[in-house]
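Throughout, protein chains are lettered first and strands after them, A, B, ... in sequence-line order, and every chain is numbered starting at 1.
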Amino acid sequence: AQKITQTQPGMFVQEKEAVTLDCTYDTSDQSYGLFWYKQPSSGEMIFLIYQGSYDEQNATEGRYSLNFQKARKSANLVISASQLGDSAMYFCAMRGRSGGTASKLTFGTGTRLQVTL
Amino acid sequence: NAGVMQNPRHLVRRRGQEARLRCSPMKGHSHVYWYRQLPEEGLKFMVYLQKENIIDESGMPKERFSAEFPKEGPSILRIQQVVRGDSAAYFCASRQGAQEAFFGQGTRLTVV
């Protein structure tokens, strides 16, 4: 079975500062993918960034980067230069690549980020 | 190229009624997933369908819930005899091949 753990129910960050949202995972799959999604108050799920388990480089997408530490089974999201519009729920998720875990995403419980002036 | 379209966005049903949630995947996508999000929780997988086939329904409640993805038309998640505990946001996602899954905006079901 796959499991995603997000231990920070809520985080505050000042505008223009960087923030790290924690995510650890557990899986017996050798090959898997890790994702971060943003859910603003309007409710939609917005894909932010993806990291494959065999990718050697940490993924980056604009102000988002994924700090992937495979041995520690962690996939933390780093948001640089926070903006007020970054205030939202952030979900870490994973998808296996084989057998019964293939395709479907397993989500964590989320971290609510509040960006302050 | 329109994204994943879900309708309705909001649905109110009385206890005991049926709820039908629709999902039109992105053009060319033949894989559809349904997830449920209870208030203040993450999304939980319900069912994975390809055209006309249920591939994985391990997350579906055994009773009252069903899903289909016909050859023509949208995917439908059907909840019979709704109860208050069914109140949640229901998300549909679609993908094609090894691509990332894209989510719709969700249907918020309220059972009164």
Does [X] belong to the same Ile/Leu/Val/Met/Phe/Trp/Tyr cluster as [Y], with side-chain heavy atoms less than 4.5 Å apart forming each link?
X        : Y        : value
Leu48(A) : Tyr25(A) : yes
Phe91(B) : Leu49(B) : no
Leu77(A) : Phe68(A) : yes

>> Just checking Phe45(B) against Phe107(A), ring centres under 6.0 Å apart?
In response: no
Heavy-atom neighbours of [X] [atom1] exceed 12 at 6.0 Å:
X        : atom1 : result
Arg9(B)  : CZ    : yes
Lys3(A)  : NZ    : no
Gln81(B) : CD    : no
Lys51(B) : NZ    : yes

>> Quick one about Thr106(A) and Lys44(B) (side-chain donor to acceptor, distance below 3.5 Å, no hydrogens or angles considered), yes or no?
In response: no
> Counting distance only, does the side-chain N/O of Tyr33(B) pair as donor-acceptor with the main-chain N or O of Leu105(A) below 3.5 Å?
Replying inline: no
>> Please check: side-chain N/O of Arg112(A) versus main-chain N/O of Glu40(B), any donor-acceptor pairing under 3.5 Å?
In response: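 Checking the backbone N and O of Glu40(B) against the side chain of Arg112(A), no donor-acceptor pair under 3.5 Å is found.
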> Should Lys104(A) and Ser58(B) count as side-chain neighbours, where that means a heavy-atom distance under 4.5 Å?
Replying inline: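 In contact.
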>> Which atoms of Gln6(A) are under 4.5 Å from chain B, going by heavy atoms: the side chain, the backbone, both sets, or neither?
In response: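 Neither part.
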>> Can you tell me how far apart CE (Met45(A)) and OH (Tyr35(B)) are? Round to the nearest 0.5 Å.
In response: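 Result: 9.5 Å between the selected atoms.
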>> As an exercise, state the distance from CZ of Phe91(A) to CD of Gln37(B), rounded to the nearest 0.5 Å.
In response: 4.5 Å
> Which is it for Phe103(B) and Tyr37(A) under the side-chain contact (heavy atoms from CB on, under 4.5 Å) test, yes or no, and what are the steps along the way?
Replying inline: CA-CA 10 Å; Phe103(B) 281 83; Tyr37(A) 286 86; 3.5 Å; yes
>> Does any backbone or side-chain atom of Gln6(B) lie under 4.5 Å from a heavy atom of chain A? Answer side chain, backbone, both or neither.
In response: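 Neither part.
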